Protein chains: 2
Amino acid sequence: MGQRVGVTLGDVAGLAGVSRATVSRAFTRPEMLNTETVERVRGVAERLGYVGNQAARALATGRFGNIAVIVPDIANPFFPPLVRTLQSVAEEAELAVFLGDSDESLEREAKLVTRLGSQVEGFVLASSRQSEELIRNLAHTRPVVLVNRDLDGIPRVLIDSSGGMTEAVMLLKNLNHRHLVSLAGPRDSWSDQQRRTTLAEASATTGLTVDIIEVGRPTYTAGRDAVTAITASGATAAIAFDDVVSQGVLAGLALRNISVPQDFSLIGCDDTLALLTTPALTSISAASAPAGRAAAHLLIKTLQSPTTPTAPRITIPTHLITRATTTQAP
Amino acid sequence: MGQRVGVTLGDVAGLAGVSRATVSRAFTRPEMLNTETVERVRGVAERLGYVGNQAARALATGRFGNIAVIVPDIANPFFPPLVRTLQSVAEEAELAVFLGDSDESLEREAKLVTRLGSQVEGFVLASSRQSEELIRNLAHTRPVVLVNRDLDGIPRVLIDSSGGMTEAVMLLKNLNHRHLVSLAGPRDSWSDQQRRTTLAEASATTGLTVDIIEVGRPTYTAGRDAVTAITASGATAAIAFDDVVSQGVLAGLALRNISVPQDFSLIGCDDTLALLTTPALTSISAASAPAGRAAAHLLIKTLQSPTTPTAPRITIPTHLITRATTTQAP
DNA sequence: TTGAAAGCGCTAACAG
DNA sequence: CTGTTAGCGCTTTCAA
C-alpha cells in the first residue's frame with residue numbers, strides 16, 4: 001500500500017489541535033473559519049513543511065489542477081512561444097501543464113492524450129493531426145481547445161493565414177511572376193489545408209500557375225531537398241509551408257548559385273525566423289505567442305463554466321511582411 | 001465529494017464477473033493470474049474504454065508516473081531539443097512530463113517546483129538558477145537531475161564548454177587578435193560561470209586581453225544593444241554567451257557597417273542557430289538533444305534504484321565549429 | 001489463482 | 001465555527 005510521502009494533513013491537525021477537516025478548510029475555505037484558527041493551522045503547516053498531496057485532492061474532488069498541451073514538434077520554432085505564454089497564463093490560474101510532443105505522429109498524439117486524460121482538467125491541442133472523430137470523443141470527455149484546427153462546436157483559436165497568403169500571391173503577381181510553386185506541408189494539418197485552399201482560390205483569381213510540391217514534415221532538410229523539384233518546375237517564385245522550410249530552400253538555392261531575390265523570389269510562413277536569414281525572409285505573420293495566451297484563456301474559461309452555450313472561437317488574422325526575398329520576376 | 005469521472009475498476013469488475021483486485025492485477029501483475037482471466041478482463045476493459053485513474057493509483061502506490069522538467073526559457077533555442085528528447089525517453093518509460101518555464105526567475109522556478117513537487121516522481125532542472133540550498137533541499141525529497149549545473153552528490157549532465165571555449169581563444173590568438181570581449185550571460189547560470197572561468201584561464205595562458213560585458217538575459221536585443229560597448233572597448237573579436245546573443249551582435253554590427261569577419265570576428269555558443277546566420281556563425285557546439293536524453297535516462301535510473309551509491313554524472317565535451325565569422329585580426 | 005478488506009490523503013455533507 | 005464520517009478509485013496484504 002501507499003507509503004508515507006511526507007507531512008500529511010493529519011500531522012498538521014494533530015499538532016494544531018484541530019480536526020483534519022479544519023486543516024483542509026484552512027487552505028481551501030479560510031473564510032469558513034475563525035481567522036485565528038486559520039493562522040494557527042497555517043503556521044503549524046508552514047513549520048512542518050506541509051504540502052498538500054495533489055493526487056489525494058484530485059481523487060476527492062475530481063479536479064486535478066493540471067492541463068495538457070500537445071504539439072507536433074516542440075523543436076519547430078512556431079511552438080515554443082505558444083507553449084511559453086500558455087504555461088504562463090496557466091500558472092496564474094494555478095494550473096500545472098503537461099507537455100506532449102507527438103512527433104507529428106497521429107498515434108503518438110492519441111497515446112499521449114489517453115495517458116494524460118486521467119489527470120488533466122482539459123487539453124490544448126495545437127496543430128492536431130488527429131481524426132475529427134477522436135477529437136470529438138475527447139472533447140466529449142473533457143474541455144478541449146484547438147489551435148489551428150477548426151471543428152464545429154469546439155473552442156479554438158485559429159491563425160488565419162488566408163489574409164497573408166492572398167497578399168503574398170498578389171505581391172508576386174504585381175511583381176510579374178506568372179508561375180509559382182507552393183511547398184506544402186503535412187497533409188493532415190489544418191493550416192496546410194487552409195493554405196492550399198487559399199492558394200487555389202488566389203491563383204484562380206489572378207490567373208497564376210501554382211504547382212504544388214509536397215515536402216511532408218516541415219524541416220530544413222525537406223526544404224533544401226525540395227529545390228531540385230523547384231528548379232525543375234520552372235517557377236520563378238515559391239511560397240513555403242513555413243519559415244523552417246524556407247530556410248532550407250534558401251540554402252538549397254544558394255548551393256545551386258541561384259540568387260534570391262534576383263533569380264528567384266521566396267515567401268515563408270509563420271515569421272518565426274524573422275531577420276535570421278540573409279536576405280531577410282519575406283514571410284506571413286503568425287502570432288504564436290498570442291495564440292498560446294488565447295488558447296489558455298479559452299480553456300480556463302471553459303473549465304470555469306463547463307456548459308458554454310456556444311463554443312468561443314478566436315481568429316487571429318495574418319498579413320504579409322515584405323522583406324528582402326521578393327522582387328520583380330527575372 | 002468526488003464525482004464519477006468515467007469507467008472505473010469496479011465497472012469492469014462487475015461486467016467481467018471478477019473482483020476489483022483481479023481487474024487491478026490484470027493490468028499491473030498479469031503473471032499472477034490465469035491467462036484466460038487476464039484476457040477476459042482486458043477485453044471488457046477495452047470495450048468499456050476503461051482508463052486507470054492516475055490520481056487513485058498514485059494515492060495507493062505513492063508513485064505518480066510523472067516527472068517535471070524546468071527550463072529558464074523554452075523559447076531559447078537551446079531548450080526545445082532538450083525537452084523533446086527528454087519527453088520522448090520519458091514516454092517510453094511510461095512517464096508523463098510536466099513542463100515549467102521559469103522565465104529566468106528564481107522565484108518562479110521555486111514556485112513551480114513546489115507546485116509540481118506533490119505530483120512528480122522526480123525533477124530535471126535545466127540550467128537552474130536556484131540557490132544551492134534550495135536544490136539540495138529538493139533533492140532530499142525526490143530524485144533530481146541537473147543539467148548544466150554541478151552540485152556534489154547530485155546526478156547531473158553537463159555540457160562542458162571549456163573545451164570549445166579554449167579552442168575559441170586559441171583560434172583567435174592564432175588569428176592575431178590581441179583584445180577580445182566576452183559577452184557574459186545570466187550571472188546565476190552555471191554555464192556562464194564556467195565560461196567566465198575558462199576564459200580567464202585561457203586569457204592568462206595566451207596573454208590576450210579579455211573585457212567582460214554583461215548582457216544579462218540572453219536575447220537578440222541584448223546582443224544588438226551590446227554593440228555600443230563592444231565598439232567602445234576597441235576589441236577586434238567577441239565571444240558571446242550564446243548564439244541568440246551573437247545573432248543580435250551580428251545585427252548591431254551590420255547597423256554600424258562593421259563587416260564580419262573582415263573588421264570583426266565573432267564566436268557564438270551552443271550552436272543553435274547553425275547555418276541560419278549570414279555569414280555562418282562560428283560557434284561552440286552544445287548537444288542539447290543528447291543532454292535531454294541523458295538527463296531522462298539518469299532520472300529514470302535513479303527512480304528505479306533510489307539508493308545509488310554515488311550520483312551518476314555525465315559530461316558532454318564541446319568543441320569549436322569554425323565557420324565564417326572568424327578570420328585574421330584587421 | 002482469486003477474493004475480502006483495509007487504507008493511501010484529502011474533501012464535503014451533515015451535524016452540532 | 002468546527003468535528004465526525006463517509007467516501008474518491010486503486011493497490012495490496014492476508015486468507016481461502
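Keep in mind it's a predicted model, so treat the numbers as computed, not measured. A note on names: the letters A, B, ... follow the listed sequences, proteins ahead of strands, and every chain is numbered from 1. Any value given below was found using the heavy atoms of this structure, including those in side chains, with hydrogens, waters and symmetry copies removed.
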Worksheet, complete the sentence: Residue pair Arg29(B)/Ala55(B) against DNA chain D: nearer the 5' end by closest nucleotide is Ala55(B)
Worksheet entry | Value in whole Å for how far the C1' atom of dG7(D) lies from CG of Asn53(B) | 14 Å
Discussion item. Under the side chain to side chain donor-acceptor pair (under 3.5 Å) definition, can you give me all pairs with a residue in residues 91-107 of chain A, not counting sequence neighbours?
Written reply: Gln87(A)-Glu91(A), Glu91(A)-Arg108(B), Asp101(A)-Arg84(B), Asp103(A)-Arg217(A), Asp103(A)-Arg84(B), Glu104(A)-Arg129(A), Ser105(A)-Glu107(A)
Discussion item. When you measure from the side-chain N and O atoms of Thr22(B) to the phosphate of dG3(C), is any distance below 4.0 Å, counting only OP1 and OP2?
Written reply: yes
Discussion item. If you compare every side-chain N and O of Thr8(B) against the phosphate oxygens of dG9(D) (OP1, OP2), does one of them come in below 4.0 Å?
Written reply: no
Practice prompt. Would you classify Val18(B) as touching base, sugar-phosphate or nothing, given that sugar-phosphate means primed atoms plus P, OP1 and OP2, and contacts are heavy atoms under 4.0 Å?
Written response: sugar-phosphate
Worksheet entry | Option passing side chain to side chain contact (heavy atoms under 4.5 Å, CB included) with Leu9(A) (candidates Val23(A), Thr22(A), Asn53(A)) | Val23(A)
Practice prompt. Would you check if there is a donor-acceptor pair between the side chains of Gln54(A) and Asn66(A) at a distance under 3.5 Å?
Written response: no
Worksheet item: OG/Ser128(B) to CD1/Ile70(B) distance, rounded to the nearest 0.5 angstrom?
Response: 8.5 Å
Practice prompt. Please tell me which of the listed nucleotides, dC8(C), dC8(D), dC10(D), lies nearest to the side chain of Leu59(A)?
Written response: dC8(D)
Worksheet item: For DNA chain C, what residues of residues 33-46 of chain B have any heavy atom nearer than 4.0 Å?
Response: Leu33(B), Asn34(B), Thr37(B)
Item to complete: Figure out the CZ/C1' separation between Arg57(B) and dG7(C), and round it to whole Å.
Response: 17 Å
Item to complete: Take the protein atom OH of Tyr50(B) and the nucleotide atom P of dG9(D), then report the distance between them rounded to whole Å.
Response: 10 Å
Practice prompt. Mark yes or no for whether Glu121(B), through its side chain, and Phe64(B), through its backbone, hold a donor-acceptor pair below 3.5 Å.
Written response: yes
Worksheet item: Side-chain N or O of Arg20(A) less than 4.0 angstrom from OP1 or OP2 on dT4(D)?
Response: no
Practice prompt. Take atom CE of Met32(B) and atom C1' of dA16(D), then tell me their distance rounded to the nearest Å.
Written response: 13 Å
Fill in: For Glu132(A), salt bridge (charged side-chain N to carboxylate O under 4.0 Å, His left out) partners two or more places apart
Arg136(A)
Item to complete: Please tell me which of the listed nucleotides, dT12(D), dC10(C), dC10(D), lies nearest to the side chain of Ala60(A)?
Response: dC10(C)
Item to complete: Report the residue from Val144(B), Leu151(B), Leu146(B) that forms a side chain to side chain contact (heavy atoms under 4.5 Å, CB included) with Arg156(B).
Response: Leu146(B)
Worksheet item: Quick one: is Ser24(A) getting a side-chain N or O under 4.0 Å of the dT11(C) phosphate, OP1 or OP2?
Response: yes
Fill in: Spacing of Leu9(B) atom CG relative to dG7(C) atom C1', expressed in whole Å
15 Å
Practice prompt. Measure from the side-chain N and O atoms of Ser118(A) to the backbone N and O of Thr114(A), and report whether any donor-acceptor pair falls under 3.5 Å.
Written response: no
Fill in: Residues forming a side-chain contact (heavy atoms from CB on, under 4.5 Å) with Arg25(B), sequence neighbours excluded
Ala21(B), Met32(B), Leu33(B)
Practice prompt. Whole angstrom is fine here: how far is it from CZ in Arg25(B) over to C1' in dG9(D)?
Written response: 16 Å
Worksheet item: With sequence neighbours excluded, what pairs up with Arg47(B) under the side-chain contact (heavy atoms from CB on, under 4.5 Å) test?
Response: Val44(B)
Worksheet entry | For DNA chain D, the residues among residues 110-123 of chain B that have a non-hydrogen atom under 4.0 Å from it | none
Practice prompt. Could you tell me the separation between the CZ atom of Phe27(A) and the P atom of dC10(C), rounded to a whole number of Å?
Written response: 10 Å
Item to complete: Give the rounded distance in Å between these two atoms: CZ of Phe64(B) and P of dT11(D).
Response: 14 Å
